[in-house]
K.L.:
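A single structure is presented below for examination.
None of the values given here were measured: they were computed from a predicted structure. Sequence positions, counted from 1, serve as the residue numbers for this chain.
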Amino acid sequence: MKMWTDTEVAYLESEYGKYSTKVLASKLGRTEHAVNAKASRLGLRMLDNQEWLTTADFCEHTGIHRSTMEYWIKECGFPTTKIFKYRRIYPKRFWKWAEENKHRVQWASFPDYGVGNEPKWVRTAREATTYRTTKRRPWKQWEINKLELMLKQNKYTYPELSKELNRSHGAIKRKIYDLNLPWPVYLDRNPTSVEPYTDEELEKAINMYQKGYPLAEVARGMNRSEGGLRAKLERSGYRFDGKVLMEV
């Protein structure tokens, strides 16, 4: 078996991913199998040095549906470069866009190093959304039974139901509507009975949301309702645009 020289290893580490295995094998005078085997032993991945991806490769590596990516391209400024009829996606440009559009990506299901080397903030975003998946979490029968029982008692609010069932305000509202269940008790809107938001709470909510925490999780941590927090932020001059809170 032909031994690898330090020069060959350095070349492989530098160029693996920039060229196809066939091209690298030709340049190194080795078989494609030998190149891939050596790259595997070195812990190299094609994406680490790859300068660009096709849209098909991007969807395959990340698990993001093609229709979602097309929507991002048309409506959300997703960065691609069109060469003739094909589009190229450059990892560095993708990560810059992703940092500004954290809430458009389901980080809990985004594969580690799905698009080459990841920025440090990705880990925080992934941890912030560990309970989220690309699909809605199905309701189990015991959860539905518990929801029905709590609603029949006519004393639980949305925040209390959300905390007890570990479900968002929106998920509970949809299930109540689908099953034609009684509506929960609403919080007293009388200003004298509802604790006003402090500047510190609003600042905390904005910071957590911009770091990637879902609004439902932010509200739960503050013991507030998701709908109430959203309304408060909007009344305070902010709007939701899918990526960060923007001042109007």
K.L.:
State whether the side chain of Ser236 and the backbone N or O of Lys232 hold a donor-acceptor pair below 3.5 Å, judged by distance alone.
P.N.:
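Answer holds: yes.
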
K.L.:
Can you check whether Met69 reaches Thr62 side chain to side chain, under 4.5 Å on heavy atoms?
P.N.:
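Of all side-chain heavy-atom pairs linking Thr62 with Met69, none is under 4.5 Å.
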
K.L.:
Once rounded to the nearest 0.5 Å, what's the spacing between atom NZ of Lys82 and atom CD1 of Ile73?
P.N.:
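It is 9.5 Å, given to the nearest 0.5 Å.
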
K.L.:
Tell me if a side-chain donor or acceptor on Lys102 pairs with a main-chain N or O of Glu99 at a distance below 3.5 Å.
P.N.:
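Here the side-chain-to-backbone pair exists.
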
K.L.:
Go through the structure and list residues passing ring-ring contact (aromatic ring centres under 6.0 Å, His included) with Phe58, not counting sequence neighbours.
P.N.:
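In terms of ring-ring contact (aromatic ring centres under 6.0 Å, His included), with neighbours along the sequence ignored, Phe58 is linked to Phe78, Phe94.
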
K.L.:
If you round to the nearest 0.5 Å, how far is NZ of Lys152 from CG of Leu147?
P.N.:
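Separation between the atoms: 11.0 Å.
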
K.L.:
Are more than 12 heavy atoms, taken from residues, nucleotides or ligands other than Gln153, located less than 6.0 Å from that residue's CD atom?
P.N.:
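Counting other residues, nucleotides and ligands, CD of Gln153 exceeds 12 neighbours.
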
K.L.:
Please check if atom NZ in Lys173 has more than 12 non-hydrogen atoms from other residues, nucleotides or ligands closer than 6.0 Å.
P.N.:
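No, not enclosed.
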
K.L.:
Drop me the distance from Arg230's CZ to Tyr209's OH, to the nearest 0.5 angstrom.
P.N.:
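Spacing of CZ (Arg230) from OH (Tyr209) equals 6.5 Å.
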
K.L.:
Could you check whether any side-chain heavy atom of Gln141 comes within less than 4.5 Å of a side-chain heavy atom of Ile144, counting everything from C-beta outward?
P.N.:
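The answer is yes; the side chains approach within 4.5 Å.
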
K.L.:
Can you see whether Thr31 engages His33 through a side-chain donor-acceptor pair at a distance of less than 3.5 angstrom?
P.N.:
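His33 and Thr31 do not have a side-chain donor-acceptor pair below 3.5 Å.
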
K.L.:
What's the separation between atom CG in Asp199 and atom NZ in Lys204, rounded to the nearest 0.5 Å?
P.N.:
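If we round to the nearest 0.5 Å, Asp199:CG and Lys204:NZ are 15.0 Å apart.
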
K.L.:
Any side-chain heavy-atom pair from Trp72 and Val105 closer than 4.5 angstrom?
P.N.:
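Sidechains of Val105 and Trp72: in contact.
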
K.L.:
For the side chain of Thr80 and the backbone of Arg88, is there at least one donor-acceptor N/O pair under 3.5 Å apart?
P.N.:
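Looks like no, no N/O pair under 3.5 Å.
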
K.L.:
Does any N or O in the side chain of Arg126 come within less than 3.5 Å of the main-chain N or O of Phe110, such that one atom is a donor and the other an acceptor?
P.N.:
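Yes, the answer is positive, given that a donor and an acceptor are paired below the 3.5 Å cut-off.
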
K.L.:
Are there over 12 heavy-atom neighbours, none belonging to Asn145, within less than 6.0 Å of that residue's CG?
P.N.:
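Atom CG in Asn145 is packed in, count exceeds 12.
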
K.L.:
Yes or no on salt bridge (charged side-chain N to carboxylate O under 4.0 Å, His left out) for Glu201 and Arg224, after CA distance, side-chain angles and deciding distance?
P.N.:
CA-CA 10 Å; Glu201 282 184 301; Arg224 299 279 188 171; 3.2 Å; yes

K.L.:
Output all residues satisfying ring-ring contact (aromatic ring centres under 6.0 Å, His included) with Trp4, sequence neighbours left out; order by chain, then residue number.
P.N.:
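For Trp4 there are no ring-ring contact (aromatic ring centres under 6.0 Å, His included) partners, ignoring immediate neighbours.
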
K.L.:
Can Arg104 be said to sit on top of Trp97's aromatic six-ring, NZ or CZ under 6.0 Å from centre and within 45° of the ring axis?
P.N.:
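Arg104 over Trp97 ring: no.
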
K.L.:
Decide yes or no for Thr81 and Arg93: does some side-chain heavy atom of the first lie under 4.5 Å from some side-chain heavy atom of the second?
P.N.:
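A side-chain contact under 4.5 Å exists here.
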
K.L.:
Treat each ILVMFWY residue as a node, draw an edge where side-chain heavy atoms are under 4.5 Å apart, and state whether Leu149 and Ile172 are in one component.
P.N.:
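Looking at the clustering, Ile172 is in a separate group from Leu149.
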
K.L.:
Tell me, yes or no, whether the heavy-atom count around Asp6 atom CG, taken from other residues, nucleotides or ligands under 6.0 Å, exceeds 12.
P.N.:
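Check fails, neighbour count at 12 or below.
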
K.L.:
Verify salt bridge (charged side-chain N to carboxylate O under 4.0 Å, His left out) between Glu70 and Arg66, making sure each step is shown before the conclusion.
P.N.:
CA-CA 6 Å; Glu70 291 295 338; Arg66 183 63 176 265; 3.1 Å; yes

K.L.:
Starting at CD of Glu160, measure out to NZ of Lys163 and round the result to the nearest 0.5 Å.
P.N.:
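The NZ atom of Lys163 is 9.0 Å from CD of Glu160, to the nearest 0.5 Å.
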
K.L.:
Determine whether Glu148 and Leu181 make a side-chain contact, defined as any pair of heavy atoms from C-beta on separated by less than 4.5 Å.
P.N.:
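Result yes, sub-4.5 Å side-chain heavy-atom pair found.
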
K.L.:
As an exercise, state the distance from CG of Asn36 to CG of Leu24, rounded to the nearest 0.5 Å.
P.N.:
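Rounded to the nearest 0.5 Å, the CG-CG separation comes to 9.0 Å.
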
K.L.:
Tell me whether Trp142 shares a hydrophobic cluster with Leu161, the cluster being built from Ile, Leu, Val, Met, Phe, Trp, Tyr side chains joined at under 4.5 Å.
P.N.:
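Shared cluster, no.
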
K.L.:
What residues, two or more places apart in sequence or in another chain, satisfy salt bridge (charged side-chain N to carboxylate O under 4.0 Å, His left out) together with Glu164?
P.N.:
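Here the qualifying residues are Lys146.
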
K.L.:
Below 4.0 angstrom, N of the basic side chain to O of the carboxylate: do Arg167 and Glu143 qualify?
P.N.:
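Between Glu143 and Arg167 there is a salt bridge, with a charged N closer than 4.0 Å to a carboxylate O.
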
K.L.:
Glu8 and Arg30: salt bridge (charged side-chain N to carboxylate O under 4.0 Å, His left out), yes or no, with the steps?
P.N.:
CA-CA 11 Å; Glu8 288 177 316; Arg30 295 179 179 273; 3.0 Å; yes

